[in-house]
*Asks:* 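First the structure, which I've put down as structure tokens, then a few questions once you've had a look.
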Amino acid sequence: MPHYIFEIEMQVRDYECDMEGIVNNAIYLHYLEHTRHEFLSSTGITFVEMHQQGIDPVVNRIEVNYKAPLRSRDRFISKLYMRREGIKFVFYQDIYKVSGELCIKAVVEVVATSNGRITRGEEFLPYFEKFLQ
């Protein structure tokens with residue numbers, strides 16, 4: 001069982017569902033991003049504050065495995081843990097229905113840019129260091 005370092009509960013909104021009545025696959029990317037932004041905020045700095053300092057986390061790659069669909073009004077919990085691999089920060093993100101059923105497993109690779117240039121990610125260390133596995 002992964003050692004999650006952050007989780008947030010959310011609810012599916014009607015407009016996020018497709019004609020089949022399930023959450024559109026692209027919407028999960030929004031859920032994952034919102035979870036990472038809320039995690040960042042919980043470390044003491046917001047995404048906007050970082051950007052104002054010229055530092056931007058940029059998604060380099062996302063892999064998503066869809067396991068079970070979410071439907072309108074479903075409540076779910078988005079969880080994450082992270083590792084550092086060279087210059088990348090790798091977020092392992094899973095979404096579960098509140099019942100415990102796994103909906104998606106995702107791996108999101110993020111790199112840091114400072115004033116538009118890729119860095120080694122030292123800008124993130126004051127916020128992420130204690131969470132890295």
Side-chain angles (χ1 to χ4, degrees):
M1 187 75 166
H3 175 68
Y4 297 107
I5 58 172
F6 183 80
E7 63 181 57
I8 184 170
E9 186 172 325
M10 293 183 259
Q11 184 173 11
V12 174
R13 296 166 289 232
D14 294 337
Y15 64 84
E16 296 170 329
C17 298
D18 60 20
M19 294 294 293
E20 297 173 87
I22 60 176
V23 171
N24 180 279
N25 64 311
I27 298 298
Y28 289 95
L29 300 179
H30 294 278
Y31 296 158
L32 297 172
E33 181 176 37
H34 181 69
T35 302
R36 289 190 311 278
H37 284 214
E38 290 299 312
F39 166 68
L40 181 61
S41 181
S42 78
T43 69
I45 191 166
T46 67
F47 188 82
V48 171
E49 290 168 336
M50 274 195 153
H51 178 73
Q52 289 170 343
Q53 295 174 19
I55 303 164
D56 292 299
V58 178
V59 171
N60 180 60
R61 181 173 185 268
I62 297 179
E63 177 183 318
V64 180
N65 292 305
Y66 298 92
K67 303 293 188 179
L70 286 168
R71 299 180 185 281
S72 182
R73 310 283 303 151
D74 278 352
R75 296 200 71 73
F76 61 94
I77 301 170
S78 182
K79 303 180 179 190
L80 68 75
Y81 64 97
M82 65 185 299
R83 293 195 172 107
R84 187 171 187 192
E85 296 178 9
I87 67 169
K88 296 182 290 188
F89 290 87
V90 182
F91 292 86
Y92 297 87
Q93 296 186 247
D94 301 329
I95 294 178
Y96 296 87
K97 292 181 182 179
V98 292
S99 66
E101 183 179 14
L102 178 64
C103 297
I104 69 163
K105 292 187 76 55
V107 179
V108 182
E109 296 178 357
V110 174
V111 295
T113 64
S114 180
N115 298 313
R117 300 196 130 155
I118 293 178
T119 72
R120 296 209 35 82
E122 290 84 6
E123 302 86 351
F124 292 149
L125 289 180
Y127 307 102
F128 293 166
E129 199 163 38
K130 68 182 177 183
F131 299 109
L132 294 171
Q133 300 181 17

*Asks:* Same hydrophobic cluster for Ile22 and Leu102, using side-chain heavy-atom links shorter than 4.5 Å among ILVMFWY?
*Replies:* no
*Asks:* Taking only residues two or more places apart in sequence or in another chain, which ones pass side chain to side chain contact (heavy atoms under 4.5 Å, CB included) with Arg117?
*Replies:* none
*Asks:* Check the angle between the aromatic planes of Phe128 and Phe39 and answer parallel, tilted or perpendicular using the 30° and 60° thresholds.
*Replies:* parallel
*Asks:* What distance do Tyr96 atom OH and Ile104 atom CD1 have between them, rounded to the nearest 0.5 Å?
*Replies:* 10.5 Å
*Asks:* Could you tell me the separation between the CD atom of Glu123 and the OG atom of Ser114, rounded to the nearest 0.5 Å?
*Replies:* 5.0 Å
*Asks:* Are Lys79 and Asp94 within salt-bridge range, i.e. N to O under 4.0 Å?
*Replies:* no
*Asks:* Are Arg83 and Tyr92 in a cation-pi setup, meaning NZ or CZ lies under 6.0 angstrom from the ring centre and within 45 degrees of the ring axis?
*Replies:* yes
*Asks:* So, Gln11 side chain and Arg73 main chain: donor-acceptor pair closer than 3.5 Å or not?
*Replies:* yes
*Asks:* If you take all heavy atoms of Thr35 and Ser78, which pair is closest and at what distance?
*Replies:* OG1-OG, 2.6 Å
*Asks:* Just verifying a value: how many Å separate Leu80 CG and Gln93 CD, rounded to the nearest 0.5 Å?
*Replies:* 5.0 Å
*Asks:* Considering all heavy atoms of both residues, which atom of Cys17 and which atom of Ser72 are nearest to each other, and what is their separation?
*Replies:* SG-N, 3.5 Å
*Asks:* Return the set of residues passing salt bridge (Lys or Arg N to Asp or Glu O under 4.0 Å) with Glu20 (not counting sequence neighbours), or none when no residue passes.
*Replies:* none
*Asks:* Looking at every non-hydrogen atom in both residues, tell me the closest pair between Leu132 and Arg84 and how far apart they are.
*Replies:* CD2-N, 3.9 Å
*Asks:* Once rounded to the nearest 0.5 Å, what's the spacing between atom OH of Tyr127 and atom OG of Ser41?
*Replies:* 11.5 Å
*Asks:* So, using ring-ring contact (aromatic ring centres under 6.0 Å, His included) as the criterion, who are the partners of His37 when residues are at least two apart?
*Replies:* Phe47
*Asks:* Roughly how far apart are Phe124 CZ and Thr43 OG1, rounded to 0.5 Å?
*Replies:* 10.0 Å
*Asks:* My understanding is that only residues two or more places apart in sequence, or in another chain, count here; which of them pass side chain to side chain contact (heavy atoms under 4.5 Å, CB included) with Glu38?
*Replies:* Phe6, Ile8, His34
*Asks:* Measure the spacing between CE of Met10 and NE2 of His30 and express it to the nearest 0.5 Å.
*Replies:* 12.0 Å
*Asks:* Pairs in or reaching into residues 44-58: which pass side chain to side chain donor-acceptor pair (under 3.5 Å), with residues at least two apart or in two chains?
*Replies:* Thr46-Glu49, His51-Asp56
*Asks:* Which atom names give the shortest non-hydrogen contact between Ile55 and Pro57, and what distance separates them?
*Replies:* O-CD, 4.1 Å
*Asks:* If every non-hydrogen atom of Gly121 is compared with every non-hydrogen atom of Ala112, which pair is closest and at what distance?
*Replies:* CA-CB, 3.9 Å
*Asks:* Minimum heavy-atom separation for Tyr81 to His3, with atom names?
*Replies:* CB-O, 3.2 Å
*Asks:* Apply salt bridge (Lys or Arg N to Asp or Glu O under 4.0 Å) to Glu101 and list each qualifying residue two or more places apart in sequence or on a separate chain.
*Replies:* Lys97
*Asks:* Checking Ile95 against Leu70 for the side-chain contact (heavy atoms from CB on, under 4.5 Å) test, could you report, in this order, the C-alpha distance in whole Å, the side-chain angles of both residues, the deciding distance, and whether it holds?
*Replies:* CA-CA 10 Å; Ile95 294 178; Leu70 286 168; 4.2 Å; yes
*Asks:* Below 4.5 Å, heavy atoms only, C-beta onward: do Arg36 and Val108 meet side chain to side chain?
*Replies:* yes
*Asks:* Suppose we screen for side chain to side chain contact (heavy atoms under 4.5 Å, CB included). Which residues come up paired with Leu29, at least two apart in sequence or across chains?
*Replies:* Leu32, Ile62, Val64
*Asks:* Who are the salt bridge (Lys or Arg N to Asp or Glu O under 4.0 Å) partners of Lys67, not counting sequence neighbours?
*Replies:* none
*Asks:* A side-chain contact here means heavy atoms from C-beta on lying under 4.5 Å apart; do Val90 and Val107 qualify?
*Replies:* yes
*Asks:* Under the ring-ring contact (aromatic ring centres under 6.0 Å, His included) test, which residues partner Tyr28, sequence neighbours left out?
*Replies:* Tyr31, Tyr66
*Asks:* Using a 4.5 Å cut-off between side-chain heavy atoms of Ile, Leu, Val, Met, Phe, Trp and Tyr, which other residues end up in the same hydrophobic cluster as Val58?
*Replies:* Ile87, Val111, Ile118
*Asks:* Under the rule for side chain to side chain contact (heavy atoms under 4.5 Å, CB included), what residues qualify as partners of Glu9, not counting sequence neighbours?
*Replies:* Arg75, Ile77, Val98
*Asks:* Which residues pass the salt bridge (Lys or Arg N to Asp or Glu O under 4.0 Å) test with Glu16, not counting sequence neighbours?
*Replies:* Arg13
